[in-house]
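Every number for a ligand or one of its atoms is a count from 1 in the order of the listing. Predicted model only: the values in this text are computed from it and were never measured. Along the sequence shown, the residues carry numbers beginning at 1.
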Amino acid sequence: MRQAIVNQLTPLDYAGTEALNTICTNLTFAGRDLKKIVFTSNTQSEGKSYMVMHILENLARRGRRVVLVDCDMRRSFLVKRHRIETDGEMLGLAHYLVGQCGLGDCVYETNLHGACLIPAGRDVSNPMGLLDSIYFSEMLDELARNFDLVLVDAPPVGMVIDAAEIAQSCDGSVLVVEYNKTHLRDLSQCKWQMERSGKPILGCIINKVKFDTLSSKKYYNKGYYNHYTSGYYKKSSEDK
Ligand SMILES: Nc1ncnc2c1ncn2[C@@H]1O[C@H](COP(=O)(O)OP(=O)(O)OP(=O)(O)O)[C@@H](O)[C@H]1O
Ligand SMILES: [Mg+2]
């Protein structure tokens with residue numbers, strides 16, 4: 001398998017690590033049939049890519065076979081932000097979907113405890129034609145046969161429709177919500193849009209919570225943290 005080096009992944013603080021552990025445990029228990037999970041949000045910069053990268057690392061550290069598919073073919077920052085280097089030319093999802101490479105050419109094993117990654121590849125101005133193709137859903141199915149979990153990083157569904165399209169090829173979705181940013185009305189619209197895919201919303205990650213505004217601060221005697229992530233909530237089977 002081709003190799004990629006992730007040169008930069010900022011470690012989380014104590015509270016962030018605790019919250020991430022909870023999120024990952026809940027994802028692990030999501031169910032045998034919930035393997036392909038898409039992450040989206042209402043608007044940009046709420047923390048989808050940040051969260052999904054940390055979830056990838058956390059699950060791999062626990063010994064799970066996990067792959068991240070960067071489906072933000074419009075403007076992905078993943079490679080640049082984490083200073084990812086590959087052996088040879090970096091190929092990705094866009095190359096695969098237009099038939100320029102095989103799946104084995106764009107799945108990279110990383111130095112994050114063996115977690116795998118498919119970069120977005122080159123920028124595509126309108127990726128919808130690629131995402132609603134049979135090649136995309138068959139690719140996710142193939143990955144699900146080979147990995148315990150397939151994490152899919154998508155653009156914000158409140159801005160472009162890609163995530164709802166992607167959700168149709170997944171088993172469920174997770175909404176990343178930046179604390180104190182999104183209006184309830186917009187979040188409801190986002191939820192409605194994702195539910196139209198016919199696949200369940202598995203939960204919500206409340207991200208970038210200002211620690212000093214929360215009473216839970218008292219549980220961490222280190223005092224003040226800039227950000228932490230929390231609140232992964234999975235519907236129980238009784239709720240379905
Ligand atoms: N919990 C967090 N703690 C600290 N920084 C964070 C956290 N979540 C996100 N960030 C920072 O916020 C910025 C936006 O995050 P990110 O790129 O993951 O958002 P996104 O939802 O993927 O955006 P886009 O819609 O553009 O894809 C980045 O600089 C990231 O490092
Ligand atoms: Mg992103």
Heavy atoms only, cut-off 4.0 Å: how does Arg75 contact ligand 1, side chain, backbone, both, or neither? side chain
If I only include protein atoms of type N, O or S, how many are less than 2.8 Å from the Mg ion (ligand 2)? 1
Looking at Met53, Glu178, Lys48, the heavy atom closest to atom 25 (O) of ligand 1 belongs to Lys48
Do the non-hydrogen side-chain atoms of Ser173 and Phe39 ever get within less than 4.5 Å of each other? no
Got a sec: does the CZ of Arg196 have more than 12 other heavy atoms crowding it under 6.0 Å? no
When you measure from the side chain of Lys199 to the backbone of Cys170, do you find a donor-acceptor pair of N or O atoms at a distance under 3.5 Å? yes
Please check this pair: side chain of Arg2 against backbone of Asp105, looking for a donor-acceptor N/O pair closer than 3.5 Å. yes
Is it the case that atom NZ in Lys181 sees more than 12 heavy atoms from other parts of the structure closer than 6.0 Å? yes
Using a 4.0 Å cutoff against the non-hydrogen atoms of Asn207, which atoms of ligand 1 qualify? 1 (N), 2 (C), 7 (C), 8 (N), 9 (C)
In ligand 1, which numbered atoms sit nearer than 4.0 Å to a non-hydrogen atom of Arg81? 16 (P), 17 (O), 18 (O), 28 (C)
Please report whether ligand 1 has a polar contact with Gln44, defined as an N or O pair separated by less than 3.5 Å (distance criterion only). no
Between Met159 and Asn42, is any pair of side-chain heavy atoms under 4.5 Å apart? no
Closer than 4.0 Å to some heavy atom of Asp72 - which atoms of ligand 1 meet that? 27 (O)
I need the atoms of ligand 1 closer than 4.0 Å to a non-hydrogen atom of Pro156, numbered in the order shown. 25 (O)
Would you be so kind as to tabulate the donor-acceptor pairs closer than 3.5 Å made by side chains of residues 128-135, with sequence neighbours excluded?
unit_1 : atom_1 : unit_2 : atom_2 : d
Ser133 : OG     : Leu130 : O      : 2.9
Ser133 : OG     : Tyr135 : N      : 3.4
Ser133 : OG     : Phe136 : N      : 3.4

Identified side chain to side chain donor-acceptor pair (under 3.5 Å) partner of Ser49 from the options Asp72, Asp70, Asp153: Asp153
Would you find a donor on one side and an acceptor on the other, under 3.5 Å apart, between the side chain of Thr110 and the backbone of Ala115? yes
